[in-house]
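Structure, as structure tokens:
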Amino acid sequence: MTLSNGMKMITLLADGREERIEGLVLPHGAPVLGWERKPHGWCRGDACVPAFRAAVADVPAEDGSAGPGVDLTAFAGLLGREVVTDAEEGVVAVGEPEGLSAGEAPDFTLGDFTLSARRGTKIALVFWASWCGCRYDLAAWDELHRELAGSGFAVVSVSLDRRADDAAPWIEGLAHTALVDTEGRVSELFNVVNVPTVVWIGEDGRIARPQDTMTATDTFRSMNGLSSDAAKAALRRWVREGESGLSAQAVREHLRASTAAERVARLHGRIAAWLFRQGRRAAAERHLAAAAELAPHDVSIRRGLMPLAGVDPFGDEYFRLREELETSGVAIYRPLPDWHQAG
């Protein structure tokens with residue numbers, strides 16, 4: 001759609017929403033990425049960006065007076081959020097802030113679930129997908145949820161499926177909270193590059209164990225070499241005895257914070273998913289290629305988009321991807337050493 005002034009409408013993909021905007025310069029008075037201008041700066045809840053800092057995002061008029069509005073890309077940069085724009089296809093994606101640290105787990109809301117609202121409970125954040133054999137582990141994770149619920153523990157599973165319907169058959173009837181991260185926001189926050197990946201979060205909201213390849217069954221042990229018994233024993237020990245197996249220093253050392261290239265790759269993946277859903281295959285494949293070039297190791301993008309592309313994620317294309325990564329020395333599975341070696 002083109003406006004009467006000749007400007008092309010743009011689809012903004014940000015904060016899990018899809019919004020139509022009239023360009024990358026947003027008019028004065030309009031919220032920008034959920035932030036509102038106040039006399040002392042731009043604010044969202046209790047957080048504020050001082051006016052003198054935010055001024056760099058203002059677009060001035062030729063005479064130096066207040067211009068037409070606020071540059072979306074510049075404002076996102078102030079917030080530490082990457083941006084990828086495809087002017088030809090009329091779409092822009094804005095990423096999450098890079099907030100992963102050895103301290104507090106990044107908060108998120110997905111559907112009716114908000115992570116910070118679960119303070120006081122130990123949580124195993126289990127990332128999986130219907131395009132991964134780890135889908136067969138969900139029932140076993142659910143059993144652990146039921147078994148340990150009385151000890152102040154909960155499983156929260158997060159599907160990386162780009163279509164909620166793909167995850168639906170696998171989560172029906174489960175007792176634990178099962179989320180579907182179709183826009184990849186939660187996986188971006190926790191820098192998940194493949195599934196299964198599990199993150200332990202303590203009662204205080206701090207990361208007790210960063211990204212770990214853990215299984216709850218031995219269904220694919222011949223491929224991944226991982227012992228589900230050892231993983232479950234480590235989990236029970238943490239829940240019942242408070243022993244995560246990692247010191248605070250070890251958590252910091254093993255935490256995989258994302259790079260700028262990885263964050264940009266995820267935005268290309270998000271745009272590719274949107275384009276595939278629109279039936280714009282050629283453009284989608286262009287963004288998928290860009291993502292693969294920036295983050296070739298990110299299986300959650302490269303395999304995760306196969307279903308939208310009409311490619312079998314369990315077929316030859318996946319095994320070619322595995323061979324490429326193995327030949328390049330890129331780890332497909334990334335278990336932390338303590339429980340894995342013990343198993």
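Position 1 is the first residue of the sequence, and the numbers go up from there.
Contact check on Arg81 versus Asp15 returns a salt bridge, with a Lys/Arg side-chain nitrogen under 4.0 Å from an Asp/Glu carboxylate oxygen. A salt bridge is absent between Arg303 and Asp298; no separation between the charged side-chain nitrogens and carboxylate oxygens falls under 4.0 Å. We find that Glu89 and Arg280 are joined by a salt bridge, their nearest charged nitrogen and carboxylate oxygen being less than 4.0 Å apart. Between Lys122 and Glu203, at least one side-chain nitrogen of the basic residue sits less than 4.0 Å from a carboxylate oxygen of the acidic one, meeting the salt-bridge criterion. The pair Glu96-Arg185 meets the salt-bridge criterion, since a charged nitrogen lies less than 4.0 angstrom from a carboxylate oxygen. Note on Arg263 versus Glu82: salt bridge recorded, some NZ/NE/NH1/NH2 to OD/OE distance being below 4.0 Å. A salt bridge links Arg240 with Glu147: the distance from a Lys NZ or Arg NE/NH1/NH2 to an Asp or Glu carboxylate oxygen falls below 4.0 Å. Ion pairing between Arg266 and Glu262 fails under the 4.0 Å rule for side-chain N and carboxylate O.
Atom CZ of residue Arg37 and atom NE2 of residue His28 lie 5.5 Å apart, to the nearest 0.5 angstrom. To the nearest 0.5 Å, atom CD1 of residue Ile10 and atom CD of residue Glu22 are 10.0 Å apart. From Leu325, atom CG reaches atom CD1 of Ile332 across 5.5 Å, with rounding to the nearest 0.5 Å. One distance of note links CG of Asp71 with CG of Asp58; it measures 9.5 Å at 0.5 Å rounding. The CD1 atom of Ile201 lies 9.5 Å from the CZ atom of Arg119; values are rounded to the nearest 0.5 Å.
The two residues His145 and Val155 come nearest to each other via the heavy atoms ND1-N, 3.1 Å. Residues Arg302 and Ala292 share a closest heavy-atom pair of NE-CB, 3.6 Å. Between Ala54 and Trp42, the shortest heavy-atom contact is CB-CD1, 3.3 Å. Residues Asp166 and Pro307 share a closest heavy-atom pair of OD2-CB, 4.4 Å. The shortest non-hydrogen separation linking Ala124 to Leu235 is CB-CD1, 4.5 Å. Heavy atoms only, all atoms of each residue included: Ala51 and Pro39 are closest at CB-O, 4.4 Å.
Val156 is listed as a side-chain neighbour of Phe113, based on a closest heavy-atom distance under 4.5 Å. Side-chain atoms of Trp141 and Ser157, non-hydrogen and from C-beta on, never get closer than 4.5 Å to each other. Side-chain atoms of Pro50 and His40, non-hydrogen and from C-beta on, never get closer than 4.5 Å to each other. Val311 places none of its side-chain heavy atoms less than 4.5 Å from the side chain of Trp131. Taking 4.5 Å as the limit, every side-chain heavy atom of Val299 sits out of range of all side-chain heavy atoms of Ile301. Contact of the Met306 side chain with the Asp312 side chain is not registered, since no non-hydrogen atoms from C-beta on lie closer than 4.5 Å. Inter-residue side-chain proximity for Arg236 and Glu241 is flagged as unmet; no heavy-atom pair is nearer than 4.5 Å. For the pair Val25/Leu72, no side-chain contact is recorded, criterion being any heavy-atom separation below 4.5 Å from C-beta on.
Among residues at least two apart or in separate chains, ring pair (Phe, Tyr, Trp, His ring centres under 6.0 Å) pairs with a member in residues 211-265 are Trp200-Trp238.
Cluster annotation: Phe127 is connected to Val251 through the hydrophobic network of ILVMFWY side chains, with a link wherever side-chain heavy atoms come within less than 4.5 Å. Grouping the Ile, Leu, Val, Met, Phe, Trp and Tyr side chains by contacts below 4.5 angstrom, directly or via other members, places Val70 with Leu12. Residues Val330 and Leu321 share a single hydrophobic cluster, defined by chaining ILVMFWY side chains whose heavy atoms lie under 4.5 Å apart. When hydrophobic clusters are built by joining Ile, Leu, Val, Met, Phe, Trp and Tyr residues whose side-chain heavy atoms come closer than 4.5 Å, directly or via intermediates, Phe276 is not grouped with Leu160.
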Go through the steps to decide whether Trp274 and Glu183 satisfy the test side chain to side chain donor-acceptor pair (under 3.5 Å), and finish with yes or no. CA-CA 9 Å; Trp274 183 81; Glu183 299 305 310; over 6 Å; no

Taking it one step at a time, do Arg320 and Glu317 satisfy salt bridge (charged side-chain N to carboxylate O under 4.0 Å, His left out)? CA-CA 5 Å; Arg320 280 194 287 270; Glu317 191 68 26; 2.8 Å; yes

Could you walk me through whether Arg163 and Thr182 pass the side chain to side chain donor-acceptor pair (under 3.5 Å) test, one step at a time? CA-CA 6 Å; Arg163 298 180 299 210; Thr182 56; over 6 Å; no

What do the steps show when you test His268 against His287 for side chain to side chain donor-acceptor pair (under 3.5 Å), and what is the final call? CA-CA 5 Å; His268 279 290; His287 282 279; 3.0 Å; yes

Between side-chain atoms of residues 132-140 and protein atoms elsewhere (two or more places apart, or another chain), which donor-acceptor pairs fall under 3.5 Å?
residue: Arg135; atom: NH1; partner: Ser130; partner atom: O; Å: 3.0
residue: Asp137; atom: OD1; partner: Thr217; partner atom: OG1; Å: 2.4
residue: Asp137; atom: OD2; partner: Ala216; partner atom: N; Å: 2.8
residue: Asp137; atom: OD2; partner: Thr217; partner atom: N; Å: 3.4

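The aromatic rings of Phe108 and Phe190 lie perpendicular to each other, with more than 60° between the two planes, well past the 30° mark. Note: Phe75 and Trp35 have perpendicular aromatic rings, judged against thresholds of 30 and 60 degrees for the angle between ring planes.
The environment of CD in Gln249 is crowded: more than 12 heavy-atom neighbours from other residues, nucleotides or ligands sit within 6.0 Å.
Without hydrogens or angle criteria, Asp142 side chain to Leu174 main chain gives no donor-acceptor distance under 3.5 Å. With hydrogens and angles disregarded, a donor-acceptor distance shorter than 3.5 Å links the side chain of Arg44 to the backbone of Leu33. Here the side chain of Ser227 pairs a donor or acceptor atom with the backbone of Ala230 at under 3.5 angstrom.
Put simply, the residue from Asp212, Thr213, Val126 that forms a side chain to side chain contact (heavy atoms under 4.5 Å, CB included) with Pro196 is Thr213.
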